[in-house]
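Shown next, in structure tokens, is the structure this report addresses.
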Number of protein chains: 2
Amino acid sequence: MITSRTTTWELARSTPLFSAVGEAVMSRLMRGALVQVLPKGAVLFEEGAEANFVHLILSGSVGLTASAGKPDSTVVEIFRDGELFVAPAAILELPYLVSAVVLADSRILFLPADNFRAALDAEPKLARAMVNVLARHWRLLVEQIKDLKLRQAAERLAAFLVAQAEAAGGPAAAAAGKPVGKEGAAPGAPAGSASGGASTIALREPRNMLAARLGMTPESLSRAFAQLEAEGVVSEGRAVHIADLARLRRYCALEG
Amino acid sequence: MITSRTTTWELARSTPLFSAVGEAVMSRLMRGALVQVLPKGAVLFEEGAEANFVHLILSGSVGLTASAGKPDSTVVEIFRDGELFVAPAAILELPYLVSAVVLADSRILFLPADNFRAALDAEPKLARAMVNVLARHWRLLVEQIKDLKLRQAAERLAAFLVAQAEAAGGPAAAAAGKPVGKEGAAPGAPAGSASGGASTIALREPRNMLAARLGMTPESLSRAFAQLEAEGVVSEGRAVHIADLARLRRYCALEG
DNA sequence: CTTTTCGCTTGATTTTTGTCAAGCACATCC
DNA sequence: GGATGTGCTTGACAAAAATCAAGCGAAAAG
């Protein structure tokens, strides 16, 4: 691909990592790096393997899956555009605890781990940026553990939907809550209104993936959606309409 | 209180953080810091509160608990001597996602968060050290999520016991180790030499805490111990004897 | 156009876990 | 000594979720 190089740089430039470390450090990181355009289903690395790369998602999405020796597997977390993973294995020179599977056609930058570690020691800006990345990631998992341990299936789904709606509506348009008409469900960023009112979001993964991420079976997820209808949640395909965000928030906090 | 200062420094000196950042950075971190000797049950901070400190455990142990608005609460993780927490909240200037409760009488260093953040920017060694701490902590939670999502109660307990036995037997060769009444184990072969044999470990927390950490009720934990008797696990009070570590490892991987 | 496949839902049933209640060993307190 | 609590276990029961088994509609393949 002739455009591969330039596109890669453009995309890399728009990641939070780049903003944090700047051009010099970024180009150092990219020494020996390779870009891959991978189709859905491709496996970046396997649980238990040596961590030879740190991965940066230029576009697309990747699921971190694990099976822990059992026949079936689950999804630990899902990462999207701009995210860097799985640094901990590479940094500590330990085997991956998870596998990484491409969930939607993706362009992924493979940064050699040894080079990454060297840069971590030599470039304070990189270390500082990684602290923020890892701190943010820690909080993702803490939230998830809280969900798994003290909420039941339908509540976990509710909490997830609330988080999606907030992520979609919050940062970008925190404007006054408005009648949210069903706009074409944009695949990139779900639309939604902020705190109070109604919101329509788009599920960005197939339901079996969502189920695994939420720690339940697809059947249970289906039933969880059915339960949430009583709370004003309607799902049609990938679009989910929430009639009253505040009510749903109340539901996951107080129910049980 | 006269000895408090010196003891504090001695203890602080023996933490991994100190080894990583050195004396200069450490003393910078300790500007405005305070030491507290806290009894079991003391609360360091509450879920949802502003993160004004980063905490370093000089001695003792602390549980990270959460309730997510529900009446009952759970334990997300337990930290011990030398551990630093909860940096992510302080670093990102976000509210704590968990509360921290002292589990055994502890001496804890409170490092002011704003000072910590400033040091993070100014001292590359600190940033680099935090990267390792956070990377290690990430892996703790990933393991836990895997357990919660794909193992059932008894298997989670088994996995926990195996990890304990490995931690005790592996790194420091157990040496003097734990004076756990039951000698039992293979003669000459102290605690779980990572591969095969027998091992005796001491539970370091009351069972209700362990249950919460493992994501189950105390009743379920009790039954899980009963189930594991069939796998050669005998527990008497806080001492747990594992007849065959390899068998237990097989049990958590393959059972299902 | 027809057939197959896939993603999802629904129902019936079983397994797992939580809840409620009782009881025991052991400590502390009066 | 006896009363009171606490930590843990056990049993009976209820709730939650997984599993097994169809079934349906839409997209993909023939």
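Small disclaimer: the values here were computed from a predicted structure and weren't measured.
A salt bridge is absent between A:Glu205 and A:Arg238: the closest approach of a Lys/Arg side-chain nitrogen to an acidic carboxylate oxygen does not fall below 4.0 angstrom. The pair B:Glu219-B:Arg207 does not meet the salt-bridge criterion, since no charged nitrogen lies less than 4.0 angstrom from a carboxylate oxygen. Using a 4.0 Å cut-off between charged nitrogen and carboxylate oxygen, B:Lys146 and A:Glu47 count as a salt-bridge pair.
For A:Thr217, counting side-chain heavy atoms from C-beta on, the closest listed nucleotide (D:dT19, D:dA17, C:dG18) is D:dT19. Picking from C:dC8, C:dT17, D:dA17 the nucleotide with the shortest atom distance to the side chain of A:Gln152 gives D:dA17. In the set C:dC8, D:dT9, D:dA21, C:dC8 carries the atom at the smallest distance from any side-chain atom of A:Asn208. Out of D:dA18, C:dC20, C:dT10, the shortest distance to the side chain of A:Ser220 is found at D:dA18. Comparing atom distances between the A:Arg207 side chain and each of D:dA17, C:dT9, C:dT19 picks out C:dT9 as nearest.
Closest-nucleotide positions on DNA chain D for A:Arg223 and B:Pro206 were compared, and the one nearer the 5' end corresponds to B:Pro206.
In this structure, B:Arg151 places its CZ atom 17 Å from P of D:dA18, rounding to the nearest Å. Here D:dA15 presents its P atom at 14 Å from CD of A:Gln227, a figure rounded to the nearest Å. Taking atom CG on A:Leu150 and atom P on C:dT19, their separation rounds to 11 Å, with Å as the unit. Going from atom CG of B:Leu221 over to atom P of D:dT9 covers 7 Å, rounded to whole Å. Taking atom CE of B:Met216 as the reference point, atom C1' of C:dT16 lies 12 Å away to the nearest angstrom. We find that CG of B:Leu148 is positioned 15 Å from C1' of D:dA17, with the value rounded to whole Å. To the nearest angstrom, P of C:dT9 lies 12 Å from CD of A:Glu236. With rounding to whole Å, B:Leu228 atom CG is found 15 Å from D:dT9 atom C1'.
When the options A:Leu64, A:Leu44, A:Thr65 are evaluated for a side-chain contact (heavy atoms from CB on, under 4.5 Å) with A:Ser99, the one that passes is A:Thr65.
Here A:Gly237 lies out of heavy-atom contact (under 4.0 Å) with every strand.
Nearest heavy-atom pair, A:Ala100 versus A:Val62, reported as atom, atom and distance to 0.1 Å: CB-CG1, 3.9 Å.
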